Amino acid sequence: MSALLIVGGDHLGKIKKRLEHEGVEEIIHVSGRKARMSQKEIPSHVNLVLVLTDYINHEFSTAIKKKANKQAIPVCYSKRSWCSIHQSLEKADLLKHKKKTKIKTACQ
């Protein structure tokens, strides 16, 4: 996956490095705190929109979903924890590391 738009959350912390390890080349983060952010368009090169549900209001989430659907970009929803993010991306089949080799993580 080349580009991922993450919506919600003030800071990503170590999540950014983990996503890069999983093969994400570009990470665009929008906190969603400012009302004007919902008016911006999603960049055309984005492959997936990841909405962090515990750090975003319903109205902004709905606006992002509509824009993504209009541009035919898939949307995943997750909590901010790495385990939840990893599971969401795994379900969307967007991770570099497939389930061929079972790696034990803290969320298993």
Side-chain angles (χ1 to χ4, degrees):
M1 176 181 8
S2 61
L4 172 67
L5 173 65
I6 300 177
V7 181
D10 291 331
H11 305 285
L12 295 180
K14 294 182 180 181
I15 293 171
K16 189 173 182 176
K17 287 190 180 199
R18 289 185 174 195
L19 287 169
E20 289 169 351
H21 178 72
E22 292 293 339
V24 179
E25 295 170 11
E26 182 182 0
I27 300 166
I28 303 164
H29 179 240
V30 177
S31 68
R33 291 270 185 191
K34 297 179 182 176
R36 285 188 166 166
M37 289 182 181
S38 64
Q39 297 172 353
K40 291 187 177 182
E41 290 298 319
I42 298 171
S44 61
H45 66 284
V46 168
N47 299 90
L48 176 75
V49 176
L50 177 64
V51 179
L52 301 178
T53 57
D54 44 355
Y55 288 94
I56 191 168
N57 67 42
H58 187 72
E59 184 179 320
F60 190 70
S61 176
T62 303
I64 290 294
K65 181 180 175 181
K66 285 181 182 178
K67 288 179 184 198
N69 285 337
K70 187 177 179 181
Q71 293 178 245
I73 300 172
V75 180
C76 285
Y77 299 91
S78 171
K79 293 183 179 181
R80 191 181 171 276
S81 73
W82 173 246
C83 291
S84 182
I85 291 169
H86 188 267
Q87 288 173 353
S88 293
L89 296 177
E90 206 170 53
K91 285 180 186 176
D93 199 32
L94 294 169
L95 295 179
K96 177 177 76 173
H97 304 288
K98 302 296 179 189
K99 284 190 171 185
K100 291 178 185 174
T101 57
K102 186 133 184 159
I103 299 172
K104 198 90 164 152
T105 62
C107 55
Q108 293 177 331

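The model shown is predicted, which means the values in this text are computed figures rather than measured ones.
- Residue pairs meeting the salt bridge (charged side-chain N to carboxylate O under 4.0 Å, His left out) criterion with at least one partner in residues 10-19, sequence neighbours excluded, are Asp10-Arg33.
- Distance OG/Ser78 to CD1/Ile15: 8.0 Å, rounded to 0.5 Å.
- Heavy-atom neighbours of His45 NE2 from other residues, nucleotides or ligands within 6.0 Å: above the threshold of 12.
- The minimum heavy-atom distance between Ser88 and Tyr77, with the atom names listed, is OG-O, 2.8 Å.
- The shortest side-chain heavy-atom distance between Asn47 and Glu25 does not fall under the 4.5 Å cut-off.
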I would like to know whether Leu89 and Leu48 meet side chain to side chain contact (heavy atoms under 4.5 Å, CB included); could you show each step before the answer? CA-CA 9 Å; Leu89 296 177; Leu48 176 75; 3.3 Å; yes
For residues 66-76, which side-chain donor-acceptor pairs fall under 3.5 Å, sequence neighbours excluded?
| residue | atom | partner | partner atom | Å |
| --- | --- | --- | --- | --- |
| Lys67 | NZ | Ser38 | O | 2.4 |
| Lys67 | NZ | Gln39 | O | 3.2 |
| Lys67 | NZ | Lys40 | O | 2.8 |
| Asn69 | ND2 | Lys65 | O | 3.3 |
| Gln71 | NE2 | Ile42 | O | 3.0 |

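- The distance from atom NZ of Lys79 to atom CG of Leu52, rounded to the nearest 0.5 Å, is 12.0 Å.
- Here Ile6 contributes atom CD1 and Arg80 contributes atom CZ; the two are 9.5 Å apart, rounded to the nearest 0.5 Å.
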Begin from the C-alpha positions of Ile64 and Val30 and carry the test side chain to side chain contact (heavy atoms under 4.5 Å, CB included) through to its verdict. CA-CA 11 Å; Ile64 290 294; Val30 177; over 6 Å; no
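- Residues that satisfy the side-chain hydrogen bond (donor to acceptor under 3.5 Å, both in side chains) test with Ser31, not counting sequence neighbours, are absent from this structure.
- At least one side-chain heavy atom of Leu19 sits less than 4.5 Å from a side-chain heavy atom of Trp82.
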